[in-house]
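Being a predicted model, the structure only gives us computed values, none of them experimental. The sequence lines fix the lettering, A, B, ..., with proteins before strands; numbering per chain opens at 1.
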There are 2 protein chains.
Amino acid sequence: MSLRHALLGLLSERPASGYDLLKRFETSLANVWPATQSQMYTELSKLADSGLIGVSAQGPRGRKEYTLTDEGLAELRHWLTETKPQRNTRSDILLRVFFLNVITPDQARSYLAELMELSEQEHEALRRLADSIDWGDDPLSVNGRIALEYGLRFNAMRREWAAWAADQIR
Amino acid sequence: MSLRHALLGLLSERPASGYDLLKRFETSLANVWPATQSQMYTELSKLADSGLIGVSAQGPRGRKEYTLTDEGLAELRHWLTETKPQRNTRSDILLRVFFLNVITPDQARSYLAELMELSEQEHEALRRLADSIDWGDDPLSVNGRIALEYGLRFNAMRREWAAWAADQIR
DNA sequence: GTTTTCATGTAACGAGTTACATGATTCT
DNA sequence: AGAATCATGTAACTCGTTACATGAAAAC
């Protein structure tokens with residue numbers, strides 16, 4: 001139920017079309033909340049129907065620019081302050097760990113080595129992303145920087161853990 | 001698509017009924033792959049239809065005991081060795097971070113303080129769980145211990161990050 | 001004999017994915 | 001003129017959640 005809030009959040013910065021939002025997802029939110037094109041257009045229609053956003057302008061090629069309404073902003077704030085985040089369960093990566101005894105120790109260690117590599121690659125990608133952006137003092141930079149730092153720490157933690165885990169398997 | 005593999009994995013230890021598996025999910029896999037009763041019975045039917053598991057015994061009250069077939073074990077091994085884990089995206093917690101500028105700095109800091117507390121609570125719960133189990137040298141203990149260590153490290157990381165993040169918000 | 005536990009299933013709905021379908025406009 | 005990009009939408013399907021429904025057997 002959070003795609004709607006992701007869209008409201010992006011529209012709180014500035015009005016945008018579905019196409020714009022699609023692009024912005026790719027660059028900023030793809031890591032924390034991926035969404036398909038199909039899903040976004042559907043959700044935007046629903047948001048417009050429920051009055052949380054409105055069509056503020058029409059452009060060429062049927063372009064519809066959406067703007068956050070007062071109700072939409074209220075809903076966004078309500079979500080941020082009054083509702084508790086659901087903890088993030090369901091990890092394919094971790095699920096596999098429970099069944100590593102089904103394969104050979106060599107295969108298990110190889111799986112954990114892959115995880116280490118994956119973590120390193122993601123860490124590196126985030127580091128490059130951090131370098132490519134010139135961070136200002138504006139709120140968006142601060143928030144983006146905080147989210148990115150999470151990614152860096154997360155991948156560092158996961159790399160260390162996978163190394164430790166590989167060592168546990170005898 | 002991993003619930004099926006979670007079920008195959010649990011059945012690789014020993015045969016069990018849907019009801020048994022439901023109980024075992026609660027204690028072991030609930031943290032990494034929660035599933036509802038409804039979902040599990042449906043998935044077990046599908047697995048039986050496709051021949052990856054079979055009904056090995058019938059008990060009182062319509063109890064059906066399922067056993068992993070050779071094809072099922074092969075599929076489980078295939079999943080573990082040949083397929084790449086999908087990285088874990090979609091974090092409600094992190095999504096909110098992107099929009100903290102929409103609320104007041106005080107509210108934002110309060111949100112991060114909640115996250116710190118949540119991480120501490122989960123860490124503590126896992127620590128208690130670790131203490132309550134007498135870990136042996138058997139494969140299941142090793143795997144369970146590895147998964148649990150992940151949880152401990154993850155929550156420690158998240159707590160530190162939230163503390164750091166709160167400090168970034170001025 | 002009543003409550004608890006065991007045990008399985010279905011229906012309706014919401015969220016997410018893949019694929020298909022269409023067409024206007026801008027760029028080269 | 002043709003290719004790339006902009007731009008939106010729908011259909012079919014899978015996965016996951018909530019709620020409903022049922023009843024046998026064991027425990028007290």
Testing D:dT10, C:dA15, D:dT5 for proximity to the side chain of A:Y19, the answer is D:dT5

Once you round it to whole Å, what is the distance between P of D:dA7 and CD of A:E65?
-> 10 Å

Validation row: A:R170, A:R109 side chains within 4.5 angstrom (heavy atoms) | yes

From CD of B:E26 across to P of C:dA7 the rounded distance in Å is 14 Å

Ion pair present between B:R4 and B:E75, side-chain N to carboxylate O less than 4.0 angstrom?
-> no

Whole angstrom is fine here: how far is it from CE in B:M1 over to P in C:dA15?
-> 23 Å

Report which part of the nucleic acid A:E43 touches: base, sugar-phosphate, or nothing (heavy-atom distance under 4.0 Å, all strands).
-> nothing

When you get a sec, tell me which of D:dT8, D:dA25, C:dT8 is the closest nucleotide to the side chain of A:S17?
-> D:dT8

Would you say the side chain of A:Q39 and the base of C:dT17 hold a donor-acceptor pair, judged only by whether the two atoms sit under 3.5 Å apart?
-> no

For A:Q37 and for B:Q37, locate the closest nucleotide of DNA chain D by heavy-atom distance; then report the residue assigned to the nucleotide nearer the 5' terminus.
-> A:Q37

Name the nucleic acid region contacted by A:S38, choosing base, sugar-phosphate or nothing; use a 4.0 angstrom heavy-atom cut-off, strictly under.
-> base

Any side-chain donor near an acceptor of the partner, B:N143 and A:N101, under 3.5 Å | yes

Let me know the distance between CG of A:L44 and P of D:dG9, rounded to the nearest Å.
-> 9 Å

Closer to the 5' end of DNA chain C via nearest nucleotide, is it B:S45 or A:P34?
-> B:S45

Non-hydrogen side-chain atoms of A:Q37 and A:Q39 separated by less than 4.5 Å = no

Could you check B:R90 against B:G62 and say which one's nearest nucleotide on DNA chain C is further toward the 5' end?
-> B:G62

For atom CE of B:M40 and atom P of C:dT10, their distance in whole Å = 15 Å

What is the distance from CZ of A:R4 to P of C:dA15, rounded to the nearest Å?
-> 8 Å

Nearest-Å distance, CG (B:L22) to P (C:dT8)?
-> 9 Å

Taking atom P of D:dT17 as reference, at what distance in whole Å does atom CG of B:L3 sit?
-> 10 Å

Presence of B:R61 side-chain N/O under 4.0 Å of D:dA25 phosphate oxygens OP1/OP2 | no

Could you tell me whether the phosphate oxygens of C:dG9, OP1 or OP2, come under 4.0 Å of any side-chain nitrogen or oxygen in B:K64?
-> yes

For A:Y41 and D:dG9, is the shortest distance between a side-chain N/O and OP1 or OP2 below 4.0 Å?
-> no

Are B:D92 and A:K84 ion-paired here, with the side-chain N under 4.0 Å from a carboxylate O?
-> no

